[in-house]
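Sequence lines set the chain letters: A, B, ... in the order given, protein chains first and strands last, and positions in each chain run from 1.
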Protein chains: 2
Amino acid sequence: MRADAQRNRDKIVETAREVFRDHGYDASLDLVAKQAGVGAGTLYRHFPTRETLLDAVMQSWVDRVDDTVGKALAREGSPREVLVGWFTDYVSLISLHKGGPAKLTCAMGDEASPIRTKCQALSAAMTRFLADLDSDGALRADVDPLEVCRLVGGVATVADQGELAASVVRPMLEVVADGLLASR
Amino acid sequence: MRADAQRNRDKIVETAREVFRDHGYDASLDLVAKQAGVGAGTLYRHFPTRETLLDAVMQSWVDRVDDTVGKALAREGSPREVLVGWFTDYVSLISLHKGGPAKLTCAMGDEASPIRTKCQALSAAMTRFLADLDSDGALRADVDPLEVCRLVGGVATVADQGELAASVVRPMLEVVADGLLASR
DNA sequence: TTGCTAAACGGAGACTGTCTCCGGTACTGT
DNA sequence: ACAGTACCGGAGACAGTCTCCGTTTAGCAA
């Protein structure tokens with residue numbers, strides 16, 4: 001790639017990150033282009049669709065997912081507390097941009113999605129977490145990580161679009177956690 | 001209201017029902033107007049926003065909610081089976097139009113929403129159902145109907161937008177149900 | 001350094017959807 | 001039948017998406 005192209009690409013991604021944060025995921029792409037000081041054509045050549053741009057914006061974010069799993073597993077407390085803690089982290093991770101939870105959760109399991117890699121990172125993180133917790137026998141037998149991603153993603157989607165407070169979200173995550181834990 | 005105005009209003013609602021069913025909730029409103037044989041102005045005078053039109057479209061649908069609760073409660077089986085059955089019904093009810101689950105669930109608890117009445121009908125139905133089940137002591141103590149609407153609505157939203165099969169949705173509803181039932 | 005060429009730029013504009021304004025139409029009560 | 005007004009409907013302003021194509025420029029070879 002030519003140096004100027006690389007520069008423009010970086011500038012667009014950086015600008016998009018800010019614009020998406022400030023105006024939500026539905027922000028005008030022409031605004032992103034203008035803000036970045038490039039023409040609309042340049043933006044659309046680099047990123048044919050909104051999804052591909054979002055994918056680039058999220059790249060750095062993906063790296064944080066694995067860290068978060070580690071920290072969540074290291075926390076003290078009952079399996080229930082650890083699980084709810086991780087769910088809370090998960091919701092935060094996918095709620096970084098408005099509209100993010102819906103996009104990510106719905107693309108989950110869709111092999112053709114442009115943000116496939118992000119979904120895979122998330123689902124891998126969930127798998128890793130559940131496997132660790134499961135080794136203690138804390139979980140029900142037949143828990144499918146993809147299913148859990150969708151359940152927690154559903155809660156995050158509703159919370160995101162309905163602008164719910166954390167205090168309302170937590171009990172919902174607790175219900176999901178209770179549904180997954182082996183009954184004592 | 002003048003007779004011609006009423007005629008036009010009815011025609012718009014009827015047409016919108018078809019158009020929304022065929023093209024999803026995001027269908028062009030100008031298309032609805034054209035299909036109904038009226039000008040865009042007429043449509044927007046009767047229904048200032050997309051939400052108000054959707055509200056009118058859903059009117060007949062609301063009447064079915066109460067019936068469904070009754071039938072769900074009358075079903076044979078364990079509390080868990082009855083609960084999952086009702087959740088399945090609930091998902092069907094709010095998934096009648098594409099985009100419906102998200103709209104309805106996010107408007108839940110928002111007093112200012114134009115589709116407030118629909119949400120109230122749903123939340124009342126959920127309350128009635130849970131109260132009946134609770135009287136058998138089958139549920140955990142602190143179950144909030146609004147919270148359950150959001151949980152099940154979240155599942156429905158993900159299923160709707162991700163076009164998930166019923167066989168994938170059911171286990172998710174079971175997890176929610178297990179989280180709500182009193183542990184034995 | 002100079003000149004060439006392919007790659008990249010960028011903005012005008014086509015297209016689509018939303019929503020408003022206002023001149024014209026026609027329903028209803030008298 | 002008539003007047004008054006409630007209502008109609010489409011032209012058009014506005015905003016966002018995306019493409020096309022003339023112009024510019026980076027990178028390379030001589």
Side-chain angles (χ1 to χ4, degrees), chain A residues 1-57 97-100 102-103 106-107 112-115 161, chain B residues 1-57 97-100 102-103 106-107 112-115 161:
Chain A
M1 188 185 295
R2 246 167 61 173
D4 56 341
Q6 184 66 57
R7 246 193 330 272
N8 271 330
R9 192 182 189 286
D10 292 348
K11 181 70 180 161
I12 289 168
V13 171
E14 189 187 330
T15 307
R17 208 191 311 276
E18 291 167 23
V19 172
F20 284 165
R21 179 157 22 84
D22 297 348
H23 296 71
Y25 173 75
D26 285 336
S28 156
L29 295 189
D30 276 18
L31 174 67
V32 172
K34 181 171 285 185
Q35 207 102 307
V38 303
T42 303
L43 187 149
Y44 283 99
R45 195 166 342 92
H46 283 296
F47 307 102
T49 67
R50 183 179 288 274
E51 258 70 27
T52 51
L53 176 55
L54 190 68
D55 189 70
V57 165
H97 302 95
K98 184 138 183 65
K103 287 284 157 197
C106 295
S113 167
I115 55 173
Q161 292 175 15
Chain B
M1 188 185 292
R2 247 168 58 175
D4 56 341
Q6 184 66 56
R7 248 194 326 274
N8 271 329
R9 193 181 188 286
D10 292 348
K11 181 70 179 162
I12 289 168
V13 171
E14 189 187 330
T15 306
R17 206 191 313 276
E18 292 167 20
V19 173
F20 284 165
R21 176 156 25 80
D22 297 348
H23 295 72
Y25 174 76
D26 285 334
S28 158
L29 295 189
D30 277 18
L31 174 67
V32 172
K34 182 171 284 186
Q35 206 104 309
V38 303
T42 303
L43 187 150
Y44 283 98
R45 196 167 340 92
H46 283 297
F47 306 103
T49 68
R50 183 179 287 275
E51 259 70 28
T52 52
L53 176 55
L54 192 68
D55 189 71
V57 165
H97 303 95
K98 184 137 183 67
K103 286 286 157 195
C106 295
S113 166
I115 54 171
Q161 292 176 14

Side-chain N or O of B:Y44 closer than 4.0 Å to phosphate OP1/OP2 of C:dT20: no
Where is the tightest heavy-atom contact between A:A102 and A:Q161, given as atom of each residue plus distance? CB-NE2, 3.5 Å
Check: B:A27 main-chain N/O paired with B:R50 side-chain donor or acceptor under 3.5 Å: yes
Using the test side chain to side chain donor-acceptor pair (under 3.5 Å), find all partners of B:R45 that sit at least two apart in sequence or belong to another chain. none
Let's see if you get this right: which residues in residues 9-18 of chain B place a heavy atom under 4.0 Å from DNA chain D? none
Does the side chain of A:L29 come within less than 4.5 Å of A:Y44's, by heavy atoms? yes
Could you write out each protein N or O paired with an N or O of nucleotides 10-16 of chain D at a distance under 3.5 Å?
from	atom 1	to	atom 2	distance (Å)
D:dG10	O6	B:G41	N	3.2

Nearest-Å distance, CG (B:L43) to C1' (C:dT20)? 13 Å
Heavy atoms of A:A56 and A:R9 approach each other most closely as CB-NH2, 4.3 Å
Sequence neighbours left out, what pairs pass side chain to side chain donor-acceptor pair (under 3.5 Å) with at least one residue falling in residues 14-36 of chain A? A:Y25-A:E51
Return the minimal non-hydrogen interatomic distance between B:L43 and B:I12, and the atom names on each side. CA-CD1, 3.9 Å
Polar atom pairs (N or O), protein with nucleotides 25-29 of chain C, under 3.5 Å:
from	atom 1	to	atom 2	distance (Å)
C:dC27	O4'	B:R2	NH2	3.4
C:dT28	OP1	B:A3	N	3.2

How close do B:G39 and B:A33 get, heavy atom to heavy atom, and via which atoms? O-CB, 3.9 Å
Between P on D:dT17 and CG on A:L31, what's the gap in Å once rounded to a whole number? 9 Å
Please enumerate all residues that pass side chain to side chain donor-acceptor pair (under 3.5 Å) together with B:R7, with sequence neighbours excluded. none
To the nearest Å, how far apart are B:L53 CG and C:dC19 P? 11 Å
Is the shortest side-chain N/O distance from A:N8 to OP1 or OP2 of C:dC9 below 4.0 Å? yes
Which atom of B:A16 lies closest to which atom of B:V57, heavy atoms considered: CB-CG2, 3.8 Å
Closer than 4.0 Å, any side-chain N/O of B:H46 to the OP1 or OP2 of D:dC8? yes
Closest non-hydrogen atom pair, A:T49 against A:T52: O-OG1, 2.7 Å
